[in-house]
Amino acid sequence: MTDVVLDAKGLRALAHPVRVQLVGLLRMYGPSTATRLAERLGLASGATSYHLRQLAAAGFVAEDASLGNARERWWRAVHEATVIDDDALAEQEPEAMLGYVQGIVAAHTLRTQLAVAAYPDLPKPWRDAFNMSDWNLQLTPEEAEELSGELRSVIERYRRFAPGADAPAGSQCVSVTLHVLPDPAAVGGAAEARGEGPAGDGAADGADGQGGA
């Protein structure tokens, strides 16, 4: 599979939290059905079935004929990752961009909650490797972009998870989530001080980059 670069049409198709999570689950765990995905997300199968059809129409998922039958349809992800490389897309489609980013937040939150709930039952080596950290840095926008690029370069040195692929004994899927988030209060206050408008203007700007769902 290859990465998909989002355009305005694709962004609008993904501007829903359930769709972002469905694509993420299919990419991480491989083909599945609307019923199984609904159980994972705590939704009705009719809802997941609807969103899967919409994702299929937009080209993000496809029916897996090798697994399906007359009673049950299986779905697979078409791409390995989602990339946004058009700086103007957030300005052209602010509502869709916000919906997409909110979907990513929901997917990251669910993944974190599940990992924390499973923490007590992890083997000790994995409990020792478990890490939830955050730092507050003083950066310019250019430095923030540079930091994101450097961190991605480090992550890309390690093998990407692929269902069914050969991997060393003892390894398993590990989620690494990268957030570089300007402080809304600080950014808004600086804009007001420059006379550029009230705090919160342009909240969807800067959402370009990679969607890890």
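In what follows, every heavy atom counts, from backbone to side chain, and hydrogens, waters and symmetry copies are set aside.
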**Study point:** Stepwise side chain to side chain contact (heavy atoms under 4.5 Å, CB included) check, L26 with V78
**Key:** CA-CA 9 Å; L26 291 174; V78 174; over 6 Å; no

Check your understanding: Step by step, would you call V116 with F130 a side chain to side chain contact (heavy atoms under 4.5 Å, CB included)?
Key -> CA-CA 9 Å; V116 170; F130 195 100; 4.2 Å; yes

Practice item. Please report the C-alpha distance between V5 and I84 in whole Å, then the side-chain angles of each, then the deciding distance to 0.1 Å, and finally whether the side chain to side chain contact (heavy atoms under 4.5 Å, CB included) criterion is met. Key: CA-CA 6 Å; V5 178; I84 297 178; over 6 Å; no

Exercise for review: Please assess H51 against L43 for the test side chain to side chain contact (heavy atoms under 4.5 Å, CB included), listing each intermediate value before the final yes or no.
Suggested key: CA-CA 11 Å; H51 287 298; L43 299 172; 6.0 Å; no

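Every residue two or more places apart in sequence or in another chain that forms a side chain to side chain donor-acceptor pair (under 3.5 Å) with R12 is listed here: E93.
Linking ILVMFWY side-chain heavy atoms closer than 4.5 Å, directly or via other members, places W126 and M132 in a single hydrophobic cluster. Both Y119 and V174 are part of a single hydrophobic cluster, where members link through side-chain heavy atoms under 4.5 Å apart.
The CG atom of L22 lies 5.0 Å from the CG atom of L52; values are rounded to the nearest 0.5 Å. Between the CG atom in L89 and the OH atom in Y100 there is a gap of 10.0 Å [rounded to 0.5 Å]. Residue T48 holds its OG1 atom at 9.5 Å from CD of E39, rounded to the nearest 0.5 Å. One finds the CG atom of L25 at 5.5 Å from the CG atom of L41 (value rounded to the nearest 0.5 Å). Between Y50 atom OH and R19 atom CZ the span is 5.0 Å, to the nearest 0.5 Å. With rounding to the nearest 0.5 angstrom, the CD atom of Q92 is 10.5 Å from the CG atom of D87.
Checking side-chain atoms of R111 against main-chain N and O of S175 turns up no donor-acceptor pair under 3.5 Å. Using a distance-only test at 3.5 Å, with no hydrogens or angles considered, no donor-acceptor pair links the side chain of E145 to the main chain of E142. S153 places a side-chain N or O within 3.5 Å of a backbone atom of G149 that can act as its donor or acceptor partner.
Considering only heavy atoms from C-beta on, L14 comes within 4.5 Å of L55 through its side chain. Considering only heavy atoms from C-beta on, V20 stays 4.5 Å or farther from T82 through its side chain. Side chains of M97 and E91 form no contact here, defined as non-hydrogen atoms less than 4.5 Å apart.
Ring planes of H79 and F60: perpendicular class, angle over 60° (limits at 30 and 60°).
Judged by a 6.0 Å distance limit and a 45° cone about the ring axis, R40 is positioned over the six-membered ring of Y29.
Residue S171 comes nearest to A167 through the heavy atom pair OG-CB, 3.4 Å, listed as atom of the first residue, atom of the second, then distance. Closest of all the heavy-atom pairs between T177 and H179 is CG2-NE2, 3.4 Å. Between A58 and A13, the closest heavy-atom pair is CB-CB, 3.5 Å. Closest of all the heavy-atom pairs between P120 and R127 is O-NH1, 4.3 Å.
With hydrogens and angles left out, the side-chain atoms of S49 and R53 include a donor and acceptor closer than 3.5 Å.
Crowding of E95 atom CD: a count of heavy atoms from other residues, nucleotides or ligands under 6.0 Å not exceeding 12.
Electrostatic pairing of R76 and E63 does not count as a salt bridge here, judged by no charged N lying under 4.0 Å from a carboxylate O.
Under a 4.5 Å side-chain heavy-atom cut-off, the cluster of Ile, Leu, Val, Met, Phe, Trp and Tyr residues that includes L137 is completed by W135, L139, L147, L151, L178, V180.
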